[in-house]
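Along the sequence shown, residues are numbered consecutively beginning with 1.
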Amino acid sequence: MVFRRSARRMRWWGCYRMGPIWKALLVFVVIAFAGQLLGVIFNKSWMQPERPHSLYSLPSENSQGESLGSCQPNIHIMFLKTHKTASSTVLNLLYRFGEERGLKFALPMGYQFGYPLPFIAQRVKGYRGPHVAEFDIMGNHMRFNKPEVEKVMPADTFYFSILRDPVALAESSYAYYKNVAPAFRRVKGLGEFADNPYKYYDPRLRNNHYAHNLMWFDFGLDHTSNFSLALIKRGVAAVRQNFKLILISEYFDQSMVLLRHALCWPLDAVVSFSLNARQQMPSGRSRWVGKAAAPAPLALTDKQRLKLREWNALDWHLYQAFNLTFWQEVERFGRSRMESEVALLRTKREVLTRICLRDGGRPIEASRIRDKTIRPFQSGLVKILGYELQSGLDSATWEACLRMIRPEIQYKDLLDLRQFPRAQQPPAAGGLPVKRESSILRTEDHGGKMLMEKDWDGTILFRNQTLEQVDSKVRLR
């Protein structure tokens with residue numbers, strides 16, 4: 001009986017035919033790898049000792065992927081956080097990287113930089129004029145405006161962003177912004193909208209940008225322009241000029257490898273858990289799905305998918321152009337090199353899942369997360385899921401795991417508090433005091449009718465305001 005149990009263990013390790021020396025060597029490697037992930041060994045050149053502990057050890061060729069040589073890590077970073085593209089997961093790793101190294105974040109007054117209005121430098125907390133105060137990392141939602149961003153960020157800043165297939169993005173946008181975008185509120189399902197979007201879409205109404213060429217809009221381009229190949233060419237050229245790297249959501253792990261090489265970061269810095277997974281609606285059983293899932297109100301026929309692609313033609317051509325560029329970058333990087341690093345990244349994620357997360361890493365409903373401080377923000381048709389940490393973790397491991405699952409809103413609040421203690425609130429540009437805005441997004445409802453919204457940057461929004469009306473209020477206050 002004992003012999004059979006031992007044999008099963010050896011088959012599980014895949015080494016039951018190996019000799020004693022090879023078995024001992026394999027066990028040694030596995031133990032060393034796990035110990036490396038769990039060990040609290042600090043690299044002084046990468047981290048300040050008083051900063052939060054990393055879960056990882058010193059970078060090495062076998063644990064950090066291919067050596068990056070003598071390059072220095074890039075710490076001046078601007079990430080254009082596009083909507084519903086896995087951008088919250090990317091922002092989490094930027095938050096972690098900056099927090100561990102004591103970098104300074106360009107943070108909004110609330111949670112977005114005046115979105116959906118074009119970005120202006122005065123939206124940055126602590127901004128006192130062009131390059132008066134230096135910031136290292138910027139990544140919260142904005143509508144991109146390069147001249148204003150350049151007033152805030154250093155000249156050597158690395159600009160990057162992420163794109164997603166517009167049909168999958170439309171599904172996610174509908175699920176999340178159903179009660180925000182007037183065009184979505186008027187239909188029972190995304191298929192109904194796809195059949196005749198012109199019937200429901202009015203470009204003058206605030207928040208309808210969520211329903212039409214959303215990525216094009218986020219890049220600061222005119223998303224209501226009539227489609228033409230000349231317009232596409234100009235838009236793609238503008239994005240290429242402003243951004244050094246465009247990631248693709250559908251190939252997230254490959255994107256992380258390209259990003260870490262572009263930034264000269266260790267592989268551990270881009271290991272992440274997927275944030276903002278959402279629950280599937282049909283069936284009585286609790287299920288979770290990634291961002292590409294389609295509950296009943298999101299179900300689409302092939303014909304409706306084609307119609308959505310045509311409706312979001314600017315986004316589709318933008319996505320096609322940079323999807324091609326992405327795979328050209330992969331070819332230059334080397335397919336075998338990419339496969340090797342992706343495999344290592346996924347192994348690290350699997351190990352960290354077992355170390356950090358309960359229930360095998362399966363996301364759960366926010367209401368079931370016992371620690372209320374890490375429950376994700378809820379919006380739209382479906383429940384946004386979160387994670388619970390394993391019990392019994394030592395303090396350093398618990399802290400490192402917590403940073404990987406901390407929701408975006410709570411993480412921003414934490415960084416804001418550390419960077420701007422309440423007793424040291426910074427003056428705004430021009431010497432005016434900064435009013436602390438509410439950190440909670442609220443939607444008031446009376447009799448099933450939306451009366452008022454409060455945007456993430458604290459702006460009070462009344463139903464069916466136009467962008468021009470909101471802009472005039474911003475100028476007046």
Side-chain angles (χ1 to χ4, degrees), residues 33 36-37 43 45-46 56-82 85-94 96-98 137 139 156-165 168 215 219 236-274 290-292 317-352 404:
F33 179 68
Q36 190 176 45
L37 287 173
N43 181 353
S45 66
W46 277 88
Y56 312 107
S57 65
L58 292 169
S60 64
E61 188 171 342
N62 65 335
S63 70
Q64 295 301 321
E66 183 178 305
S67 172
L68 299 178
S70 60
C71 68
Q72 295 298 311
N74 197 327
I75 61 171
H76 294 151
I77 302 155
M78 191 279 163
F79 172 55
L80 178 62
K81 189 178 186 294
T82 49
T85 58
S87 61
S88 292
T89 303
V90 178
L91 183 60
N92 175 269
L93 65 88
L94 293 177
R96 285 158 36 203
F97 183 89
I137 297 177
D156 65 346
T157 294
F158 182 92
Y159 290 75
F160 78 102
S161 188
I162 187 168
L163 297 176
R164 185 184 186 187
D165 184 304
M215 293 185 293
F219 276 95
V236 170
V239 174
R240 288 195 197 281
Q241 181 179 358
N242 291 327
F243 293 86
K244 295 181 181 178
L245 180 64
I246 300 295
L247 311 178
I248 300 297
S249 176
E250 285 80 5
Y251 306 102
F252 191 83
D253 289 344
Q254 293 86 346
S255 293
M256 292 299 98
V257 171
L258 291 181
L259 179 64
R260 85 102 175 174
H261 278 267
L263 295 176
C264 193
W265 284 10
L267 185 62
D268 287 333
V270 297
V271 178
S272 61
F273 301 135
S274 178
K291 293 188 176 184
H317 284 269
L318 184 70
Y319 175 80
Q320 279 190 309
F322 285 99
N323 185 47
L324 177 62
T325 300
F326 177 85
W327 287 106
Q328 290 171 344
E329 291 289 337
V330 171
E331 289 295 336
R332 280 192 288 269
F333 183 82
R335 290 270 183 168
S336 60
R337 290 176 63 201
M338 177 61 72
E339 290 173 2
S340 176
E341 287 215 18
V342 166
L344 182 55
L345 183 149
R346 290 172 177 171
T347 298
K348 285 175 173 285
R349 182 186 296 127
E350 291 170 4
V351 172
L352 288 174
M404 295 184 71

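- To the nearest 0.5 Å, atoms CZ (Phe252) and CZ (Arg164) are separated by 12.0 Å.
- Atoms CG and CG, on Leu345 and Asp268 in that order, are 9.0 Å from each other to the nearest 0.5 Å.
- Checking Leu80, Thr85, Val90 one by one against Ser161, the side chain to side chain contact (heavy atoms under 4.5 Å, CB included) holds for a single residue, Leu80.
- Not one N or O on the side chain of Ser340 forms a donor-acceptor pair closer than 3.5 Å with the backbone of Ser336.
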> Passes side-chain contact (heavy atoms from CB on, under 4.5 Å), Met256 versus Leu267? Steps please.
Replying inline: CA-CA 8 Å; Met256 292 299 98; Leu267 185 62; over 6 Å; no

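- Below 30°, between 30° and 60°, or above 60°: for Phe333 and His261 the angle between ring planes is above 60°, a perpendicular geometry.
- For the atom pair CD (Glu339) and CD (Gln254), the distance works out to 9.0 Å, reported to the nearest 0.5 Å.
- Of the residues Arg335, Glu329, Gln328, the one that meets the side chain to side chain contact (heavy atoms under 4.5 Å, CB included) test with Glu331 is Arg335.
- Under a 3.5 Å cut-off, the side chain of Glu250 and the backbone N or O of Asp165 do form a donor-acceptor pair.
- Put simply, CZ on Phe160 and CG on Leu258 are 12.0 Å apart, with the number rounded to the nearest 0.5 Å.
- Side-chain atoms of Asn323 never come within 3.5 Å of backbone atoms of Tyr319 as a donor-acceptor pair (strictly under, hydrogens ignored).
- In this structure, the separation between CD on Glu341 and CG on Asp253 is 11.5 Å, given to the nearest 0.5 Å.
- Residues Trp327 and Val330 form a side-chain contact, since some pair of their non-hydrogen atoms from C-beta on lies under 4.5 Å apart.
- Heavy-atom minimum distance, Gly139 versus Leu91: O-CD1, 3.6 Å.
- No donor-acceptor pair closer than 3.5 Å links the side chain of Thr89 to the backbone N or O of Ser274.
- The heavy-atom pair separating Arg96 from Ala269 by the smallest distance is NH2-O, 3.8 Å.
- Proximity of a side-chain donor or acceptor of Thr82 to a complementary backbone N or O of Leu163 within less than 3.5 Å is not detected.
- Within the 3.5 Å criterion, the main-chain N or O of Ser272 finds a donor-acceptor partner in the side chain of Arg349.
- To the nearest 0.5 Å, atoms CE (Met78) and CD1 (Ile137) are separated by 12.0 Å.
- Between Phe97 and Val270 there is no side-chain heavy-atom pair separated by less than 4.5 Å.
- Using a 4.5 Å cut-off on side-chain heavy atoms (C-beta onward), Leu245 and Phe158 make contact.
- Counting only heavy atoms from C-beta outward, the side chains of Trp265 and Ile77 approach each other to under 4.5 Å.
- In this structure the side chain of Asn74 never reaches within 4.5 angstrom of the side chain of Cys264, judged on heavy atoms.
- The aromatic rings of Tyr251 and Phe326 lie parallel to each other, with less than 30° between the two planes, well short of the 60° mark.
- Minimum interatomic distance between Ala321 and Arg240 (heavy atoms only, all atoms of both residues): O-NH2, 3.8 Å.
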